[in-house]
Amino acid sequence: MAALRRLRQCHSTGIAITNFHTSSRASAKQHYKMLVLGGGSGGISMSARMKRMMGAENVAVVEPSEMHYYQPIWTLVGAGAKTVASSGRPTASVMPSGVKWVKSKVQEINPDKNTVCTDDGTEISYEYLIVALGLQLHYERIKGLPEGFEHPKIGSNYSVQTVEKTWKALQNFKEGNAVFTFPNTPVKCAGAPQKIMYLSDAFLRKTGKRAKANVIYNTSLPVLFGIKKYADTLWDIVKHRDLQVNLRQNLIEVRADKQEAVFENLDKPGETKVIEYEMLHVTPPMGPNLVIKGSPLADEAGWLDVNKDNLQHKRYPNVFGIGDCTNLPTAKTGAAVAAQTAILNRTISKVLKNEKPDKIYDGYTSCPLVTSYNTVILAEFDYNGQPLETFPINQAKERRLMYHMKADVMPHLYWHGLLRGLWGGPGPYRKLLHLGMK
Ligand SMILES: Cc1cc2nc3c(=O)[nH]c(=O)nc-3n(C[C@H](O)[C@H](O)[C@H](O)COP(=O)(O)OP(=O)(O)OC[C@H]3O[C@@H](n4cnc5c(N)ncnc54)[C@H](O)[C@@H]3O)c2cc1C
């Protein structure tokens, strides 16, 4: 009923508000050749590429946020190594010039009619659609959250509202348990929940508080990291640094007033354990974007149902997907988005010519596992969980060089390469550095 009501509310307003990026709440032109949903990593980089392919006047992006964030740097913000201000730029500054910015929220997608409906009731029609809506955070699925964040000693690097609380909790740590969690759902950047543990451990050592701290990583997963090559090194690190890892432990409640976290043992449902904390870092449960989940574009689990080779929708050939919102069976990261932009660009150029997509995505994804304030293990792998490393060195080793890649080189590549549609991942460099052998 609610959906029907919203559909009826969809209308064309005929009011045009334009500026440099022709941003609009309600634009006179309600039809675009290429409509991009979401102006995050995937949406902005694809709109830059689509502008080159078909001209800015044919491309529109629907994105409600005034600010665009480079989320991977929040790991370092939570540990005090970067500022939150350095992670964001106005959306207007990253929107490709001339491309229409529809400053609204997508409310409904109707692929049978080739239209979307926005929260202000506007209907926009399209010839081709790129869905880049990211995933949804679900702090509310943990009892006591999100309101628990109003108390001190708790933070979460996963949101711009809570990332600085992590750093505050770490700075104010005196003695007791420093607890880090990993939820019982798919997540974006599966390494981030433990990166902040390594950084916190390093900070507590630097400030002479480590002897008074128990550092605990409670994860829902049955493993420390999904790819054995890197997991082996990580197990060595946790043993060497006396970090306690508890597998199959799922955070279900936070009693922030008492500084207590409640975990369920996933192997013995109903069995719970309460841990008192001096610091708690929460990685929230995550799930598909609800707009996609409620549309015919979703698979059974609610993710955008795309062909894993070419990113074209499985049932609607004029619809494409990229990034965290899709059901591509690889780890959800910005690095994966970068590789996907090159594939999707090629797929769309072929479809526009009525030809068959010919470039195949290998599932490339990457996770710079920050293990201290100056070391990183650069995990890179494909759909099969096989390492797909860019450099001809063993990347499972902790390296200073990789920390600089993470902290300095990658942000630059993001703002000036990926978002401008100029960086499609390290594939060509990997080939070169491995003399064409990989
Ligand atoms: C703490 C943290 C650490 C990370 N570390 C790394 C790392 O080291 N390396 C790495 O590669 N990746 C990392 N990532 C993951 C990376 O940031 C994401 O995988 C990447 O941003 C996904 O891009 P996306 O375009 O799919 O989604 P997003 O960039 O999240 O963009 C989705 C966009 O859709 C918009 N949107 C949502 N709903 C609607 C709607 N209804 N209507 C219109 N617009 C909507 C949102 O406002 C947003 O702008 C990290 C993420 C976090 C949070």
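All of these numbers come straight from a predicted model, not from anything done at the bench. Note that ligands are numbered from 1 as they come in the structure, with each ligand's atoms numbered from 1 the same way.
When the options G40, S45, G334, A190 are ranked by their closest heavy atom to atom 10 (C) of ligand 1, first place goes to G334. The closest non-hydrogen atom to atom 1 (C) of ligand 1, taken over V116, N157, T333, comes from N157. Between the choices Q71, Q340, E63, the shortest heavy-atom distance to atom 52 (C) of ligand 1 belongs to Q71. For atom 7 (C) of ligand 1, the nearest non-hydrogen atom from the set G38, P72, A331 belongs to P72.
Counting the atoms of ligand 1 from 1 in the order shown, those under 4.0 Å from a heavy atom of V62 are 43 (C), 44 (N). Residue contact check: N289 has heavy atoms under 4.0 Å from atoms 37 (C), 38 (N) of ligand 1.
Using a 4.0 angstrom heavy-atom cutoff, S65 counts as in contact with ligand 1. Using a non-hydrogen distance threshold of 4.0 Å, K406 registers as a contact of ligand 1.
A salt bridge links K103 and E66; the closest N-O separation between the charged side-chain nitrogens and carboxylate oxygens is under 4.0 Å. A salt bridge is absent between R315 and D112: the closest approach of a Lys/Arg side-chain nitrogen to an acidic carboxylate oxygen does not fall below 4.0 angstrom.
Residue T115 holds its OG1 atom at 6.5 Å from OH of Y126, rounded to the nearest 0.5 Å.
For atom 53 (C) of ligand 1, the closest non-hydrogen atom on the protein side is Y158 CD2, 3.5 Å.
A search for salt bridge (charged side-chain N to carboxylate O under 4.0 Å, His left out) contacts involving E398 returns R241, not counting sequence neighbours.
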